[in-house]
Engineer: 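Input: one structure, supplied below.
First listed ligand is number 1; within each ligand, the first listed atom is number 1.
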Amino acid sequence: MAKHWADFQYEIYLNGLTGAVPRLPTDLTRLEALTERRLGPGPVGYVAGSAGDGSTARANRAALERRRIVPRMLRDVHERDLSVEVLGRCLPAPLALAPVGVLSIMHPDAEPAAARAAAAQGVPYILSSASSTPMEQVAEAMGDAERWFQLYWPKDREVARSFLNRARAAGYTALFVTLDTPLLSWRPRDLDQAYLPFLHGVGTANYFSDPAFRAGLAKPVHEDPDAAVTHFVGMFADPGKTWPDLAFLRENWDGPIVLKGVLHPDDARQAADAGMDGVVVSNHGGRQVAGAVAAADALPGVVEAAGDRLTVLFDSGVRTGDDVFKALALGARAVLLGRPYAYGLALDGQAGVEHVIRCLLAEFDLTLALSGHASPSALSPADLVEDTA
Ligand SMILES: Cc1cc2nc3c(=O)[nH]c(=O)nc-3n(C[C@H](O)[C@H](O)[C@H](O)COP(=O)(O)O)c2cc1C
Ligand SMILES: CCCCCCCCCCC(=O)C(=O)O
């Protein structure tokens with residue numbers, strides 16, 4: 001019998017018999033404000049902030065909220081199975097943790113704690129290139145759990161090759177290549193505070209520990225950390241890349257490759273033509289292009305273009321179980337969770353991230369059941385209507 005994520009609801013009520021209540025809110029939209037109260041505006045500004053006036057981040061939420069679920073009745077939802085197949089692996093639920101860099105600004109245990117939480121819940125964790133902890137150390141924290149690595153494709157080919165070799169050697173199986181950040185966007189919340197973690201050396205662990213990166217430095221990192229940061233800023237990404245460059249990745253990575261940040265159906269077709277395995281429909285949580293299409297509005301077109309050639313995943317704005325339902329009904333195979341788990345980490349370390357995962361999946365499981373479905377594969381666009389009011 002498959003795990004019923006909804007059991008977490010009963011567990012909370014049972015604990016209540018001894019007077020215990022959850023350490024963190026079960027409404028995940030409340031975590032940002034609590035984190036800001038705990039950590040102050042600098043780090044939270046970086047995590048919560050987005051591009052321009054925030055219009056894309058708001059549009060992400062609006063596009064999910066505008067779609068409404070049409071529940072069906074009397075359909076035997078007693079036994080449910082949330083498992084899905086993604087990139088050849090069976091996942092216990094349609095969820096992975098999105099790559100979120102610089103997690104040490106949220107909590108000293110940073111990425112290893114998030115990775116342990118994901119592993120404990122059986123959910124894949126996608127480690128960011130911009131991690132505050134080297135990828136090998138995070139891999140150890142993951143134990144036997146599925147390891148996925150996100151690549152910011154460095155300008156320097158040797159550093160790129162070295163990252164891929166290190167990721168493979170550390171047991172990462174799938175590669176998520178983020179296309180939407182060849183440059184850092186205009187982020188007023190960070191600009192107004194003149195705060196960028198990377199300039200303090202945070203989020204550079206994979207680079208500073210990399211032999212090919214170090215080979216480009218005149219002095220060791222510890223002797224001239226400012227020069228190392230400047231080198232990182234100059235090479236973390238490459239705005240000159242074009243579609244034919246993907247051949248380099250295909251030649252140097254033999255596992256699945258997923259392109260993150262695809263919003264246009266033609267880009268999905270090009271991804272499939274280039275031999276990619278999947279795409280993440282994402283606008284980076286509204287952090288890159290202000291005024292961009294909401295991720296949920298882009299999803300149906302990409303799903304149609306992908307057909308059965310690509311696995312389509314989704315992120316940007318997922319906060320609730322019904323958001324997961326809606327993304328799946330629009331055709332995503334699974335969703336990536338972003339900011340909420342970073343706040344869970346800030347507030348309660350590994351336990352906070354586990355709390356966030358369990359709340360989201362319990363709410364999704366209940367939403368699925370209460371809407372008359374027993375598995376994610378049963379969902380389709382017909383389960384939604386658009387609120388045009
Ligand atoms: C603080 C922060 C750091 C991020 N770092 C990365 C990163 O290193 N690589 C990446 O591909 N995406 C990164 N993202 C984007 C997430 O992977 C994801 O696309 C986004 O958080 C989804 O939006 P949401 O948090 O509003 O749901 C980051 C997002 C945040 C909030
Ligand atoms: C002038 C800036 C150079 C260094 C930028 C590194 C950007 C990494 C972006 C991390 C991320 O995805 C996000 O914050 O969002």
Engineer: Check each of D387, D323, D297 against R66 using the salt bridge (charged side-chain N to carboxylate O under 4.0 Å, His left out) test, and report the only one that passes.
Structural biologist: D297
Engineer: Say whether S129, considering both its backbone and side-chain N or O atoms, lies within less than 3.5 Å of an N or O atom on ligand 1.
Structural biologist: no
Engineer: Report yes or no: do N283 and T56 form a side-chain donor-acceptor pair below 3.5 Å?
Structural biologist: no
Engineer: Using atom types as modelled and distance alone, determine if a side-chain donor or acceptor of S316 lies under 3.5 Å from a backbone N or O of G285.
Structural biologist: yes
Engineer: Aromatic rings F236 and Y152: how do their planes relate, parallel, tilted or perpendicular, breaks at 30° and 60°?
Structural biologist: perpendicular
Engineer: For ligand 1, which is the ligand I care about here, please tell me if G101 has any N or O atom under 3.5 Å from one of the ligand's N or O atoms.
Structural biologist: yes
Engineer: Looking only at non-hydrogen atoms, find the nearest pair between N252 and R161 and report the distance.
Structural biologist: OD1-NH1, 3.4 Å
Engineer: Who's the nearest protein heavy-atom neighbour of atom 12 (O) of ligand 2, and how far?
Structural biologist: Y152 OH, 2.5 Å
Engineer: Check for a donor-acceptor pair, side chain of D190 on one end and backbone N or O of L196 on the other, with a separation under 3.5 Å.
Structural biologist: no
Engineer: With nothing but distance in play, are any N or O atoms of R287 less than 3.5 Å from an N or O of ligand 1?
Structural biologist: no
Engineer: When you measure from atom 12 (N) of ligand 1 to every protein heavy atom, which one gives the shortest distance, and what is it?
Structural biologist: K260 NZ, 3.0 Å
Engineer: Tell me, which protein residue and heavy-atom name are nearest atom 3 (C) of ligand 2, and how many Å apart are they?
Structural biologist: V233 CG1, 3.8 Å
Engineer: Is the contact between Q150 and ligand 2 made by the side chain, the backbone, both, or neither, using heavy atoms and a 4.0 Å cut-off?
Structural biologist: neither
Engineer: If we set the cut-off at 4.0 Å for heavy atoms, which region of T181 has an atom near ligand 1: side chain, backbone, both, or neither?
Structural biologist: neither
Engineer: Write out the residue and atom name of the closest protein heavy atom to atom 8 (C) of ligand 2, then the distance separating them to 0.1 Å.
Structural biologist: F198 CZ, 3.4 Å
Engineer: So which protein heavy atom does atom 25 (O) of ligand 1 come closest to, and at what separation?
Structural biologist: R339 N, 2.9 Å
Engineer: Where is the nearest protein heavy atom to atom 6 (C) of ligand 1: which residue, which atom, and how far?
Structural biologist: P99 O, 3.1 Å
Engineer: Give the contacting part of Y152 toward ligand 1: side chain, backbone, both or neither, where contact means a heavy-atom distance below 4.0 Å.
Structural biologist: side chain
Engineer: Against heavy atoms of V318, which atoms of ligand 1 measure under 4.0 Å?
Structural biologist: 27 (O)
Engineer: Name the option, out of Y46, F236, F232, that contains the heavy atom nearest to atom 10 (C) of ligand 2.
Structural biologist: Y46
Engineer: Can you confirm if the aromatic rings of W5 and F364 lie within a centre distance of less than 6.0 Å?
Structural biologist: no
Engineer: Using only atom types and a distance under 3.5 Å, with no angle test, would you say the side chain of S185 pairs donor to acceptor with the backbone of R187?
Structural biologist: no
Engineer: Given the rule in the side-chain contact (heavy atoms from CB on, under 4.5 Å) test, do F314 and V280 qualify, once you have shown the distances and angles that lead to the verdict?
Structural biologist: CA-CA 5 Å; F314 173 85; V280 184; 5.8 Å; no
Engineer: Hey, is ligand 1 close enough to A130 that some N/O pair sits below 3.5 Å?
Structural biologist: no
Engineer: For ligand 1, which atoms, with element, lie under 4.0 Å from some heavy atom of S282?
Structural biologist: 19 (O)
Engineer: Would you kindly specify which portion of Q288 sits under 4.0 Å from ligand 2, judged on non-hydrogen atoms: side chain, backbone, both or neither?
Structural biologist: neither
Engineer: Spell out, as yes or no, whether a donor-acceptor pair under 3.5 Å connects the side chain of S128 to the backbone of V100.
Structural biologist: no
Engineer: At their closest point, which heavy atom of R80 faces which heavy atom of A6, and how far apart are they?
Structural biologist: NH2-CB, 3.8 Å
Engineer: What protein heavy atom sits nearest atom 18 (C) of ligand 1, and how far away is it?
Structural biologist: D315 OD2, 3.4 Å
Engineer: Which ligand 1 atoms does G285 reach within 4.0 Å, using its non-hydrogen atoms?
Structural biologist: 20 (C), 22 (C), 23 (O), 26 (O)
Engineer: Ignoring hydrogens and geometry, is there a side-chain-to-backbone donor-acceptor pair from E32 to Y343 under 3.5 Å?
Structural biologist: no
Engineer: Would R187 count as a contact of ligand 2 if the rule is a heavy atom under 4.0 Å away?
Structural biologist: yes
Engineer: Using a 4.0 Å cut-off to any heavy atom of S128, which atoms of ligand 1 qualify?
Structural biologist: 7 (C), 8 (O)
Engineer: Is a side-chain N or O of H107 found less than 3.5 angstrom from the main chain of D109, in a donor-acceptor match?
Structural biologist: yes
Engineer: Of all heavy-atom pairs between V312 and A306, which one has the smallest distance, and what is that distance?
Structural biologist: CG2-CB, 3.6 Å
Engineer: With heavy-atom distances below 4.0 Å as the criterion, list the atoms of ligand 1 near V47.
Structural biologist: 1 (C), 31 (C)
Engineer: What protein heavy atom sits nearest atom 21 (O) of ligand 1, and how far off is it?
Structural biologist: G338 CA, 3.7 Å
Engineer: Hey, can you tell me if W153 and F248 have their rings parallel, tilted or perpendicular (30° and 60° cut-offs)?
Structural biologist: parallel
Engineer: Could you tell me whether T181 and ligand 2 have an N or O pair separated by under 3.5 Å?
Structural biologist: no
Engineer: Is the backbone N or O of G317 less than 3.5 Å from a side-chain atom of R61, with the two atoms forming a donor-acceptor pair by type?
Structural biologist: yes
Engineer: Report, in ascending order of atom number, the atoms of ligand 1 lying under 4.0 Å from any heavy atom of A98.
Structural biologist: 17 (O)
Engineer: For ligand 2, which atoms have a heavy atom of L196 less than 4.0 angstrom away?
Structural biologist: 2 (C)
Engineer: When you measure from atom 11 (O) of ligand 1 to every protein heavy atom, which one gives the shortest distance, and what is it?
Structural biologist: T178 OG1, 2.6 Å
